[in-house]
Amino acid sequence: MEKVISALWSVPGANTLEVYKKHGGYEAAKEVLSSWTPEKLIEHVKASGLRGRGGAGFPTGMKWSFINRGSPKPKYVCINADESEPGTAKDRYILELTPHLLIEGTLICAKAIDCHHAFIYCRGEFYDQIAILKKALAEAKAAGIVGKNALGSGYDIQITVHSGFGAYICGEETGLIESLEGKKGQPRIKPPFPAVVGLYNCPTVVNNVETAAALPWIIKHAPEEYKKFGTEKSGGTKLLSISGHVNKPGTYEIPLGLPLSEFINSPNYGGGVWKGRKLKACIPGGSSVPILTAAEVEKTNIDYESCAANGTMLGSGGCIVMDETTDMVHSLRILGHFYSHESCGQCTPCRTGTNWAHRILCRIDDGEGRPEDVDELLKIANNMVGRTICPLADALAMPIKSFLTKFRSEFDKKARREKAA
Amino acid sequence: MSNAEEKFSDQTLAKMKEAIAEYPDKASAVLPVLQLIQKEKGWVSPASQRFTAELLSISPARVKEVVTFYTMFHQQPVGKYHIQVCTNISCSLRGGEEIFAHCQKKLGLKGHKDVTPDGLFSLEHVECLAACERAPAMLLGENYKMELTIEKVDEIIDRCKKEGSH
Ligand SMILES: Cc1cc2nc3c(=O)[nH]c(=O)nc-3n(C[C@H](O)[C@H](O)[C@H](O)COP(=O)(O)O)c2cc1C
Ligand code: SF4
Ligand code: FES
C-alpha cells in the first residue's frame, strides 16, 4: 500500500526542509494558498471522506464548513498535539519524523477557514518533539513558507507552537482552548461550539495532528484516491499504535477496514501475541473505548462502522493487546486511577464517580472487596454516563461496563475474596 | 519561604518577551513564562509566581491555579534528575509498575516528587507518556527512555550518580 502519512518515515533527514521539499513537500500548500478557494478545499476534503483522527471521527470538511468565514472576527486553527490517550503513540511520530508535513497540513487547515494565526498545542512532555517542530518552523519561516505572503501566495499566516504541562483533559478541544487562553484546562459547556465561540471567543477549528498530516496527500490526488484505501464509509488510512502483549509493538499506517486480528497477528504489524500465549482481550482505540474479547476481535475490522457494530470505537487508534495471563481487575484499576486523576473536577458525576469507582477497584484488587462491590461499580458507571460537560466520565464508565460485562467472573471472584485457582 | 524577588537571566527574560509576543492576549503566555522559569530555576517558587502575575497583568490567584492544575509544574525543588515512570496500561502490561517499584527501592523514595537527601534524584509515577508502543517508558528530566528493563534502569541511575556527583 502507498503510504499517505508515513511515506517518509524511513527516509533519512525527512525532518529537514531540504529533504522534505525534495519529496514534493509544500507543493500542496502552495497550490492551495495561491489558487484554491475555501469552498473548493472544503468540497475536496469532504469528498475524500477524511474524518478526524483525534478520537471522535468527525468528518473534517464538514467541521470546517461550520465556520462563518464572513465573520469580522479572526478565525483560529488549533492543531491538537496533546496525544495523551493511553495506548496512543502516533502523533509523536509525525512530530519527530516529519514536522514539515504537520506544518504543511496546518497551512491547509488555515486556508479552509480563512485563518491567519494557527496554534499547535503539544503535550509538555514532548520536549524533544517540540524542539524538532520549532526548528522546522524556524526553517519554514526563514524560507518564506510561513509568515507574510506565505509561499508567495499573498496569504499571511502565523503559526505558534504552544506547550501544555501535564493534563490529559487539555486534549479535549474546549479544555485545549481554555489552556491556550492561559487558564486551567477545564472543558466548556457546549453549545456554543468552538466553531462559533472558540479561542478568544472567535470561530475556531480544532484538528488532530494526524488529520492535518493527511491533507497534503489528499490535495495532490483526486478525492476518490484517498477514499479507495478504506471502506465505503471509512475512507483512507489510519495510524495505529499497537502495544501490550505482542511481538512487534509499534506504530503502523493501515488501510481502514483491515481485520483487527490481522493487525494483531500479521508479521507486517503486531506480529502475534507474545510468548506463544493466547489472546485474551483487546482495547482497539485507546483506553477510553470498550474492550473486546478474543472472539469479538475475530469479527472486528479496523474502521468506524465495524468497530461500532461490535460495540466499540476506533477512537484515537491505540490498540492495546492483552494475553491470557492478564489480570482484568488490575487492568481496570489502572484505568480507574487514570481517569480519577485526570478528572478536572467540574462535574460531580465525574469527580465523585471516577474517585469512587477507583476506590472500589483498589479494594477489590487488593483482596479487600465486598461481594456487592461489582454491582456497585456498575451502578456508579451507569450514573456517570451522559451527565457531564465532556466525555471524560463516559471514558471511564464505558470501560467499566465492558470489562464487567465481559469478564464479570474475575471481578466476582476477587470481590468475594476467593483464592485464585 | 523568602520574600526576596526572583531574578532571571537576560536570556530567560528575552525568551519571555518573545513568548508574550506570540499571542493576541498576553495572559496566554502564562504557561510559557512559567515553563521558562522552571527551566531556569528547576521549580516555580511563590516569588516567581508573583513575578509572572505582574508580568502578564493577571491575578496571582490565577497563576496559582495554573501552577496547581498542570502536574508538570514543581511547587518545590526537585532533584537534579527528575524521573517520571509511566504506570499506565500499556506500560504496566510490560512491567512498568515493577520498574517504578524498583526505582522506589533503589532511590529510597516514595515517588511523590520527593527528593533524595543528596538532592540528585526525585521520582514520581505518571500517566501515559505516548510511548506505549515502546513500553515501559519514563522521562529522565526532559528525555524519553523507552523499552526499559530493570537492568537498563540500573544503568541509567548509576550513570546519573556518577555524572551528577562531579
Ligand atoms: C478527555 C478527552 C481527551 C482528548 N484527547 C485528545 C488528544 O490528546 N488528541 C486529540 O487530537 N484529540 C483528543 N481529544 C479529541 C478532541 O476533543 C477533538 O475531538 C479532536 O482534537 C478534534 O480533531 P479531529 O477532528 O481532527 O479528530 C480528546 C477528547 C476528550 C474528551
Ligand atoms: S466530565 Fe470530568 S473532565 Fe469533563 S468537564 Fe466534567 S469533571 Fe471535567
Ligand atoms: S501507557 Fe505508558 S507510555 Fe502510554
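Everything numeric in this text was worked out from a predicted model, so none of it was measured. Numbers restart at 1 for each chain; the letters A, B, ... are given by sequence-line order, proteins then strands.
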Would a distance-only check, ignoring hydrogens and angles, find a side-chain to backbone donor-acceptor pair under 3.5 Å from [X] to [Y]?
X: Asp327(A); Y: His330(A); value: yes
X: Glu83(A); Y: Lys90(A); value: yes
X: Thr88(A); Y: Ser316(A); value: no
X: Thr326(A); Y: Asp323(A); value: yes
X: Tyr168(A); Y: Pro86(A); value: no
X: Lys110(B); Y: Gln104(B); value: no
X: Thr204(A); Y: Cys202(A); value: yes

Which bit of [X] is near chain B, if near means a heavy-atom gap under 4.5 Å: side chain, backbone, both or neither?
X: Leu332(A); value: neither
X: Thr251(A); value: both
X: Gln129(A); value: side chain
X: Tyr76(A); value: side chain
X: Gln158(A); value: side chain
X: Ile169(A); value: side chain
X: Phe338(A); value: both
X: Cys319(A); value: neither
X: Thr325(A); value: neither
X: Leu335(A); value: side chain
X: His341(A); value: side chain

How are the rings of [X] and [Y] set to each other: parallel, tilted or perpendicular (split at 30° and 60°)?
X: Phe126(A); Y: Tyr144(B); value: tilted
X: Phe263(A); Y: Tyr252(A); value: perpendicular
X: His125(B); Y: His112(B); value: perpendicular

Could you look at [X] and say if it's the side chain, the backbone, both or neither that has a heavy atom under 4.5 Å from chain A?
X: Ala131(B); value: both
X: Leu139(B); value: side chain
X: Thr68(B); value: neither
X: Leu31(B); value: side chain

Looking at [options], which has the largest count of heavy-atom pairs under 4.5 Å with chain B?
options: Glu85(A), Lys184(A), Lys183(A); result: Lys184(A)
options: Gly345(A), Gly164(A), Ser241(A); result: Gly164(A)
options: Ser163(A), Gly124(A), Pro74(A); result: Ser163(A)
options: Gln186(A), Met322(A), His337(A); result: His337(A)
options: Ala89(A), Ser84(A), Gly318(A); result: Ala89(A)

For this session: Please report the C-alpha distance between Asp158(B) and Lys106(B) in whole Å, then the side-chain angles of each, then the deciding distance to 0.1 Å, and finally whether the salt bridge (Lys or Arg N to Asp or Glu O under 4.0 Å) criterion is met.
Result: CA-CA 10 Å; Asp158(B) 292 343; Lys106(B) 187 169 170 97; 3.3 Å; yes
For this session: In sequence, state the C-alpha distance, the side-chain angles, and the governing distance for Arg277(A) and Glu324(A), and then conclude on side-chain contact (heavy atoms from CB on, under 4.5 Å).
Result: CA-CA 7 Å; Arg277(A) 291 185 188 150; Glu324(A) 56 190 325; 3.4 Å; yes
Among [options], residue most engaged with chain A (heavy-atom pairs, under 4.5 Å):
options: Ser92(B), Pro32(B), Pro24(B); answer: Pro24(B)
options: Asn88(B), Val30(B), Val63(B); answer: Asn88(B)
options: Leu129(B), Val66(B), Thr87(B), Ile58(B); answer: Leu129(B)
options: Gln35(B), Arg62(B), Gln38(B); answer: Gln35(B)
options: Ala19(B), Ala27(B), Cys132(B); answer: Cys132(B)

For this session: Considering non-hydrogen atoms only, spot the tightest contact between Ile99(B) and Pro136(B) and give its length.
Result: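 Closest approach of Ile99(B) to Pro136(B): CG1-CG, 4.1 Å.
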For this session: Please report the closest heavy-atom contact between Glu22(B) and Lys141(A), naming both atoms and the distance.
Result: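 Heavy atoms of Glu22(B) and Lys141(A) come nearest at OE2-NZ, 4.2 Å.
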Exercise. Salt bridge (Lys or Arg N to Asp or Glu O under 4.0 Å) between Glu98(B) and Lys105(B): does it pass, once the steps are laid out?
Worked result: CA-CA 10 Å; Glu98(B) 288 77 20; Lys105(B) 208 170 113 208; over 6 Å; no
